[in-house]
Amino acid sequence: MDASPYDESGPLVRPYFLAGGRSRPARTDLELITLVVSVTEQIRETVSPEHARIVRLCREPCSVAEVSALTNLPLMVVKVLLSDLIDRGYLIHRSPPSTTEIPSRELLQAVLDGIRRL
């Protein structure tokens with residue numbers, strides 16, 4: 001029986017190939033909820049079909065998780081591709097607020113007072 005590079009989910013080597021053999025993105029600031037958006041529709045250089053598809057998908061802001069789901073690619077591969085596109089100037093990103101940012105006491109009190117008035 002011949003060993004096939006395919007299984008039910010598709011080719012086994014494809015994600016590795018799409019990421020250019022990289023297992024980690026160059027950027028470390030891409031989280032699941034980081035928003036990415038295209039800054040141009042014109043691709044000025046030769047890019048992979050997956051890169052071009054991501055640029056088209058991100059005409060409207062998308063989270064990293066959404067891009068992974070819409071392209072049906074593993075999250076780490078999407079992060080590598082997004083990192084490439086950000087570094088080449090095709091996308092911009094907005095990282096989520098830091099979890100160390102705690103709302104002020106005054107803001108929390110104003111919310112509580114508003115809820116009590118309901």
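Everything numeric here is computed off the predicted structure, so don't read it as measured data. Along the sequence shown, residues carry numbers from 1.
Atoms CG and CD, on Leu108 and Glu106 in that order, are 9.0 Å from each other to the nearest 0.5 Å. Leu91 CG to Thr40 OG1: the interatomic distance, rounded to the nearest 0.5 Å, is 10.0 Å. Distance check, rounded to the nearest 0.5 Å: CG of Leu32 to CD of Glu66 gives 11.0 Å.
In this structure the side chain of Thr71 never reaches within 4.5 angstrom of the side chain of Glu50, judged on heavy atoms. With contacts defined as side-chain heavy-atom distances shorter than 4.5 Å, the pair Leu81/Val67 does not qualify. Under the 4.5 Å side-chain criterion, counting only non-hydrogen atoms from C-beta, Leu30 is not in contact with Val78. The shortest side-chain heavy-atom distance between Leu82 and His93 does not fall under the 4.5 Å cut-off.
What you find for Val39 and Gly89 is that their closest heavy atoms are CG2-O, 3.1 Å. For the pair Ser38 and Ile54, the tightest heavy-atom approach, listed with the atom from each and the gap, is OG-O, 4.5 Å.
Side-chain heavy atoms closer than 4.5 Å link hydrophobic residues (I, L, V, M, F, W, Y) into clusters, and following such links, even through other members, never connects Val64 to Val37. Residues Ile86 and Leu75 are members of one and the same hydrophobic cluster, defined by side-chain heavy-atom contacts under 4.5 angstrom among Ile, Leu, Val, Met, Phe, Trp and Tyr.
Between Ser63 and the options Leu35, Val36, Thr34, a side-chain contact (heavy atoms from CB on, under 4.5 Å) holds for only Leu35.
Judged purely by atom type and a 3.5 angstrom limit, Ser68 uses its side chain to pair as donor or acceptor with the backbone of Leu73.
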